[in-house]
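All residue numbers refer to positions in the sequence shown, counting from 1.
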Amino acid sequence: MPYDEQELDKVRKNLKYLGLLARDWPTIEEACTEIINLQAILKLPKPTEHFLSDLHGEYEAFTHILNNASGVIKEKVDRVLGEEVPAGERAEFATLIYYPAQKVEELKSRQADLGAWYRQTLYRLIDVCRVVASKYTRSFVRKRMPPDYAYILDELLHAHFEDHDKEFYYGQILTSIINVGRADDFIEALASLIKKLAVYKLHIVGDIFDRGPRPDLILEQLMAHHSVDFQWGNHDVVWMGAAAASPICVATVLKTTLAYNNLEALEDGYGINLRPLSLFAENTYRDCDVHRFYPRTDESRGPYHRSELTRVARMHKAITIIMLKLECEVIDREPDFEMEGRDFLRRINFADDTVEAEGKRYPMLDTDFPTVDEGDPARLTPEEQEVIGLLCRSFAESERLQRHVQFLYAKGGVYHTENGNLLFHGALPLTESGSFAVETFEHKSYAGRALMDYCEERARRGYFAPEGSEERRRGGDFLWYLWCGKLSPLFGRSKMTTFERIFIQNKETYTEEKNPYYRFVNDTKMDRAILAEFGLDQTHSHIINGHVPVRAVEGEKPLKGGGRLIVIDGGFCRAYHERTGIAGYTLVYNSRGMSLRVHEPFESTEKAIRQNRDILSSVDVFETTEKRMLVGDTDEGRRLQANIDDLNLLVTAYKTGLLKEYGPRR
C-alpha cells in the first residue's frame with residue numbers, strides 16, 4: 001500500500017527523534033506490540049482520583065483515610081462478601097485490609113482451625129483484589145505487586161476458571177503458602193495491593209503542616225504512595241522556607257508549632273534542637289508575663305503538666321518577639337510586599353502602652369518585652385541573633401526535613417491542571433470588580449495565571465538558589481510572603497492578624513478580610529473566566545480549592561458556582577471539627593463522575609484496630625457522566641495517544657527504509 005506523502009514528510013522531519021525512539025522499540029514487531037498495548041489501555045475505564053486538603057498534621061485520621069480509600073474499600077468488601085456475611089464480620093475483614101500487620105495476630109488467636117481461617121481469608125482477599133484490579137491492565141497490576149509474591153499473585157488474580165476448577169486451583173496454591181508459614185506475609189501483600197489499586201492517584205490540595213501533631217508521618221506515607229501530587233498551601237511554603245534556613249520562616253514555623261504545643265513534630269519528627277531557644281527563654285523570660293502565650297492543648301493527647309506548659313509559653317513568647325523583629329527587616333527590604341504599617345514593634349508607644357494599627361491607636365495587652373530596645377525596637381539582641389542562627393542551622397541540617405521538602409518541590413506547585421480540573425489551595429487574587437488583581441514584583445506586573453507562575457518560580461528560588469546568595473535570601477522572604485501576604489494566592493486574605501490577636505485589646509482589629517475571590521465563588525461567569533485563563537473547558541471543568549473550612553454545621557455547601565467550584569476543606573484538623581461539624585472531605589473522581597465523601601471524626605487507630613471502628617463517610621454523588629469515561633478521555637490518554645502516533649511514525653520509518661531495524665532486544 002503506498003504511503004501518504006504527508007506522513008512520509010512528517011517521518012523525514014522527525015528522523016532524529018525517531019532514531020532515539022528506535023532504541024526502545026528496535027523492531028517493527030516490538031513497536032506494533034506496544035501500539036496494541038497502548039490502544040488497549042485507552043479503552044479501559046478512567047482510574048479513580050482522590051482529592052484531599054488541609055490535613056494539618058492529623059496523621060492518624062489521614063492514615064486511616066488512606067487505608068480505607070475514603071470508604072471505597074469497605075464498599076468493595078460489602079459487595080464481594082454480600083449480606084450473607086454478617087455486618088460485624090465484614091467490618092472485621094475490612095479492618096484486616098486496613099491494618100493487616102496489627103490485626104492478623106488478634107484474629108489468629110481466636111481461631112479453632114487456623115488453617116481453615118487462613119484459606120477463607122485468602123480466598124476473600126483474592127476476590128476483593130480481583131474487583132479493584134478489574135479496571136487496570138495486567139501489566140499495570142503486576143508492577144504494583146510486592147516483588148516476592150508477584151508471580152503467585154499474578155496467577156491467582158488472572159486465572160481462567162473455565163480452564164481450572166477454582167476451589168482446587170486456589171486450594172493447591174494457598175495450602176502451599178500456609179504450609180511453608182508465609183500466610184501472614186501473603187495477607188499483608190494482598191492487603192497492600194488492594195489499597196494501591198483502590199485509588200489510582202492522590203491529589204493533596206495544600207496544608208500538610210501545623211496544628212496537628214505529626215505532619216512528618218503524613219509525608220512519609222505520601223512518599224511511599226505510588227502516585228501523588230501537591231498544591232502547596234501557605235502552611236507548607238513557610239516550612240519549605242524554614243528548610244532553606246530563612247530566619248523569618250524558621251521563626252514563623254516555631255511560633256505556630258509552639259502555639260499548638262506540637263514539639264513532638266519538631267523534636268521527634270525532624271530532630272530540631274530546641275535547647276538554645278529553651279535556655280534563652282528560661283533565662284530571659286523567667287520573670288515575664290507569659291499568660292497570653294500558653295499553648296492550645298488537646299485533652300485527648302494529654303495529660304499536660306503546668307510546668308511544661310509554662311516552659312513552652314516562655315519559648316513561645318521569646319520566638320514571637322524574634323519573629324516580629326525579623327518581620328520588620330523583611331518589610332524594610334521588600335517594598336513590593338506592600339506591608340508598610342505592619343512593623344508593629346516600631347509603632348508601640350511604651351509611654352502609654354498603645355500601638356498604632358491602620359491609623360488608629362489601641363491599648364496593648366502586654367508590653368513586657370525584655371529584649372526590645374525602645375529606641376530601636378526591631379534590632380535583635382546578640383543573644384537573639386545567636387539563637388535564631390542556631391535554629392536555622394538545625395532546620396538546614398535536618399536530613400528528614402530536607403527529604404520531605406525536596407519531595408514537596410518535586411511533586412508540587414502553586415497550581416495543577418489535570419483531567420479538566422484546576423487545583424490550587426487558596427485563591428486566584430481578584431479586584432473588587434472581579435478582574436484579575438495585578439501585582440508588581442521586581443519591576444514587573446503579573447495577574448491571573450502569570451501571577452501564579454511567578455509565585456512558583458520565586459518560591460523555587462528560595463530553596464534552590466545558591467546558599468548565601470541574595471537570590472536565595474529574597475526567595476526565602478517571598479516564601480514568607482506566600483504565607484501571609486495580601487495578594488498571595490496561597491493565603492487569600494488582606495492580612496494575618498497574629499500580632500493583633502495576641503497584643504491588641506480591641507477585637508475589631510482581628511478581622512482578616514478575604515480576597516474578593518471568595519465573594520465571586522458563586523459567580524459562574526467568573527468561574528468560567530478563571531478556567532479559560534488556565535486553558536480549560538468552561539462548561540465541564542472544575543476549580544478545586546482547600547484553605548477555607550466549609551461550615552457544614554451551619555448549612556454551608558462545598559459546591560459553589562453551580563458545581564464548577566468545589567471547596568474540599570472540611571476540617572480534617574481536630575481544632576476545626578466544632579467549627580465545621582464534620583471531619584473532612586474526600587472528592588472522588590472516577591469513570592462514572594464526581595462525588596464528595598463527608599467524613600465523621602476519627603477516634604483513634606487503637607479503636608479502629610481493636611473494635612473495627614471505621615471512619616463513617618456519607619457519599620454525595622453530584623455529577624455523573626453521560627457515558628462511562630475511559631482512559632482515552634483523560635490527559636493521560638492524550639499522552640498515550642501521542643505515543644501511539646509516534647510509534648506509528650516509527651513503524652512507517654522502518655517499513656519505508658528511512659530507518660533500519662536494530663534487531664530484537666536481548
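- Between the side chain of D527 and the backbone N or O of N522, no donor-acceptor pair lies under 3.5 Å.
- Closest of all the heavy-atom pairs between P215 and A265 is CD-CB, 3.9 Å.
- Listed for the R528 side chain is no donor-acceptor partner under 3.5 Å among the backbone atoms of T539.
- Between K486 and E439 there is no salt bridge, since none of the side-chain N atoms of the basic residue sits less than 4.0 Å from a carboxylate O of the acidic one.
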T580 vs R551, test: side chain to side chain contact (heavy atoms under 4.5 Å, CB included). Steps then yes/no. CA-CA 4 Å; T580 62; R551 297 176 184 267; 5.6 Å; no
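- Between R458 and E334, at least one side-chain N (NZ, or NE/NH1/NH2) sits under 4.0 Å from a carboxylate O, which counts as a salt bridge.
- At most 12 non-hydrogen atoms from other residues, nucleotides or ligands lie less than 6.0 angstrom from NE2 of H540.
- If you check the side chains of Y270 and R400, you find no donor sitting under 3.5 Å from an acceptor.
- Of the inter-residue distances, the one linking F441 atom CZ with E457 atom CD reads 12.0 Å to the nearest 0.5 angstrom.
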Step by step, would you call R403 with E220 a side chain to side chain contact (heavy atoms under 4.5 Å, CB included)? CA-CA 10 Å; R403 281 195 298 108; E220 286 293 318; 3.3 Å; yes
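- Counting non-hydrogen atoms of other residues, nucleotides and ligands closer than 6.0 Å to CZ of R501 gives a total above 12.
- Defined by atom type and a distance below 3.5 Å, a donor-acceptor pair is present between the side-chain atoms of Y260 and R211.
- Summarising the geometry of T440 relative to S445, their closest heavy-atom pair is OG1-OG, 3.1 Å, with the distance given to 0.1 Å.
- Side chain to side chain, D229 and H203 meet the donor-acceptor criterion of an N or O pair below 3.5 Å.
- Put simply, the side chain of E58 never gets that close to the backbone of F572: no donor and acceptor are under 3.5 Å apart.
- The closest donor-acceptor contact from the side chain of D336 to the backbone of E442 lies under 3.5 Å.
- Here the straight-line distance linking atom CG of L428 with atom CG of L487 works out to 10.5 Å at 0.5 Å rounding.
- Residues T625 and D633 fail the side-chain proximity criterion, which asks for heavy atoms closer than 4.5 Å.
- Side chains of P429 and L451 form a contact here, defined as non-hydrogen atoms less than 4.5 Å apart.
- Residues I644 and L42 form a side-chain contact, since some pair of their non-hydrogen atoms from C-beta on lies under 4.5 Å apart.
- H542 places no side-chain N or O within 3.5 Å of a backbone atom of G420 that could act as its donor or acceptor partner.
- The two residues G241 and L479 come nearest to each other via the heavy atoms CA-CD1, 3.5 Å.
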Residues M594, I566; criterion side chain to side chain contact (heavy atoms under 4.5 Å, CB included); working and verdict: CA-CA 11 Å; M594 281 189 162; I566 311 160; 4.1 Å; yes
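- Cation-pi contact between K46 and Y589: present, with separation from the ring centre below 6.0 Å and deviation from the ring axis of at most 45°.
- Side chains of W239 and D210 form a contact here, defined as non-hydrogen atoms less than 4.5 Å apart.
- Here the CD1-NZ distance, from I97 to K195, works out to 8.5 Å after rounding to the nearest 0.5 Å.
- A centroid separation of less than 6.0 Å is found between the aromatic rings of Y409 and W232.
- Contact detail for N419 and E49: the closest heavy-atom pair is ND2-OE2, 3.0 Å.
- Checking side-chain atoms of T497 against main-chain N and O of Y510 turns up a donor-acceptor pair under 3.5 Å.
- Residues A251 and L326 come closest through the heavy atom pair CB-CD1, 4.0 Å.
- The CG atom of N67 sits 12.0 Å away from the CD1 atom of I194 when rounded to the nearest 0.5 Å.
- Between the side chain of D236 and the backbone N or O of G206 there is no donor-acceptor pair closer than 3.5 Å.
- Under 4.0 Å is where a charged nitrogen must lie from a carboxylate oxygen, and between R214 and D216 at least one such pair does.
- Taking the ring axis of F140 as reference, the NZ or CZ atom of R144 stays within 45° of it and closer than 6.0 Å to the ring centre.
- Residues G546 and V205 approach most closely at N-CG1, 4.1 Å, considering heavy atoms.
- E636 is not listed as a side-chain neighbour of P47, based on a closest heavy-atom distance of 4.5 Å or more.
- The environment of K201 atom NZ is dense: over 12 non-hydrogen atoms of other residues, nucleotides or ligands sit within 6.0 angstrom.
- Residues E513 and R519 are not paired through a salt bridge, judged by the lack of any N-O separation under 4.0 Å between the basic side chain and the carboxylate.
- Between atom OG1 of residue T509 and atom CZ of residue F499 there is a gap of 9.5 Å, rounded to the nearest 0.5 Å.
- Here H64 and Y98 bring their ring centres to under 6.0 angstrom of each other.
- Contact annotation: the side chain of I568 approaches that of L596 to within less than 4.5 Å [non-hydrogen atoms, C-beta and beyond].
- Taking the ring centroids of Y59 and F62, they lie at or beyond the 6.0 Å cut-off.
- Between F337 and D477, the closest side-chain pair of non-hydrogen atoms falls below 4.5 Å.
- Formation of a donor-acceptor pair under 3.5 Å by the D54 side chain with backbone atoms of H547 is found in this model.
- Few gaps surround NZ on K135; more than 12 heavy atoms of other groups in view lie less than 6.0 Å from it.
- The closest donor-acceptor contact from the side chain of S591 to the backbone of R628 lies at 3.5 Å or more, if one exists at all.
- Note: M496 CE to T252 OG1 = 8.5 Å, rounded to the nearest 0.5 Å.
- Panel note: side chain Q402, backbone A244; no donor-acceptor pair is recorded below 3.5 Å.
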D635 vs R638, salt bridge (Lys or Arg N to Asp or Glu O under 4.0 Å): CA-CA, chis, key distance, verdict: CA-CA 5 Å; D635 291 350; R638 284 180 274 279; 2.9 Å; yes
Might you work through the side chain to side chain contact (heavy atoms under 4.5 Å, CB included) test for D569 and V548, ending with a clear yes or no? CA-CA 6 Å; D569 181 1; V548 177; 5.6 Å; no
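- The salt bridge (Lys or Arg N to Asp or Glu O under 4.0 Å) with K495 is formed by just one residue from the set E327, E358, E512; it is E358.
- Looking at Q406 and Y463, their side chains do bring a donor and an acceptor atom within 3.5 Å of each other.
- Side-chain contact check for T431 and S433: at least one donor-acceptor pair (N or O, by modelled atom type) lies under 3.5 Å.
- Y200 places none of its side-chain heavy atoms less than 4.5 Å from the side chain of H50.
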